[in-house]
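Just so it is clear, the values below take in all heavy atoms, side chains as well, and ignore hydrogens, waters and symmetry mates.
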Amino acid sequence: MRVEVTHLTKRFGRLKAVDDLSFTVEPGRITGFLGPNGAGKTTTLRAALQLVKATSGAVTFEGQQYSEIKHPMRLIGAGLEASSFYPGRSALDHLRTIAPLVGVNTSRCRVVLDLVGLGNVMHKPVGQFSLGMRGRLELAVTLLGKPRVLLLDEPNNGLDPEGIAWMRTLLRDLADQGVAVLISSHVLSEVEQTVDDVVIIAQGRLVRSSSLEQSAALARTRTVVTPARPTAFRTLADSQNWRYSITQGGFEVENTAAAEVGHAAFIAGIELHQLRSDHNTLEQMFLEMTESAGAIS
C-alpha cells in the first residue's frame, strides 16, 4: 500500500508546522522520516491519521484518506505516542481490550505478542514491564490488524542496543513482506542501518527525499595534508586535477583517498608532515542540511 503526502500544510495560528510537504512511502521499503525536534514530523503523522485537520493538502493510502478506508486499523498500524497501560492488566488482556476495535480475536493477540518477543510474559502485569518491554507492547498494538502500512514515531525510544537490533530485523522482515514502513527520528545514526529511503524535513519543509544510498553518496571524504613544500604540493594537486582548498595548516583535498595523495606526493619527492582522512559522515550531512534549511527561513 503506497502512502502519498501531497502538498501537506498545517497551521496552528501563525505557526506553520508543516509547509507544502510532499513525499511518498513505497511498499516493501523502510523510509526514515528525519528532522530536528519540532521539524513537523509528528504533526505530519497525525495529519495522516486525521488526528489533526490539514490546512491544505492531504495524506492518502492508495488514493484514499484514512477516514475513507473501511476498517483502517486492519491496514494501517500507527504508533505515535506512548500508550497508557493499566498497570495491573496483563499484556494479553491489554491487547484483548483493543482487539474488537481492530476486528481480530485472541489468537491474533497471542501471535503478535510472540512476534514482538513478549510471548513468555504475556500474563505478566504491564506495571512490572521495563520501558523497552512497554515499547514492544506498543508495537504489538500496531501489528494487531496485519497492517500493510506502519507509521512509527521514534520507535527506538526506550530500547537497549539489543532491542534496537531486534527492531531493525523485525521491520526488515515486514518490509520484505511488502509492508510500507515509515519511521520518524531526529537522530539519523539510530535508523541509518535500518532504512532504504530518507525524507529529511526542517521547519515543516522538505529538505531532501531520496534513497539512503543516494544520500550517502553526498557524504564527503577529505584528505588533510601538511606538506613541507606547499608550492610544490599545489603544483602536484593541479597536475592531478584534485579539488582542494588551502587552509592555514596546509591543504584539504576533496574526495581523494589519503593513500592516493600520499603515493603521488612520494613519487613527486614531496615530504608530508601530516596526511589523514577526514570523513564527513551521513549524520554530519544531515545536520548541515537541516541547519541550512533553518537559516534560510
Return the minimal non-hydrogen interatomic distance between [X] and [Y], and the atom names on each side.
X	Y	value
W242	A264	CH2-CB, 3.7 Å
P147	G77	CB-N, 3.4 Å
G262	L275	CA-CD2, 3.6 Å
I201	L206	CG2-CA, 4.1 Å
L236	I270	CD2-CD1, 3.9 Å

Item to check | R168 atom CZ, over 12 foreign heavy atoms within 6.0 Å | outcome: yes
Checklist entry - When you look at CD of E68, are more than 12 heavy atoms from neighbouring residues, nucleotides or ligands closer to it than 6.0 Å? => result yes
Checklist entry - Is the backbone of H273 close enough, under 3.5 Å, to the side chain of T226 for a donor and an acceptor to pair up by distance? => result no
Checklist entry - So, the side chain of T223 versus the backbone of T256: is there a donor-acceptor pair under 3.5 Å, distance only? => result yes
Item to check | Transitive ILVMFWY cluster of I267, excluding itself - 4.5 Å side-chain cut-off | outcome: F266
Pairing residues for [X] by the side-chain contact (heavy atoms from CB on, under 4.5 Å) criterion, not counting sequence neighbours:
X	value
A257	none
L159	N156, I164, M167
R14	none
R89	Y86, D93, H94, T97

Checklist entry - What ring-ring contact (aromatic ring centres under 6.0 Å, His included) pairs are there with at least one residue in residues 40-72, not counting sequence neighbours? => result none
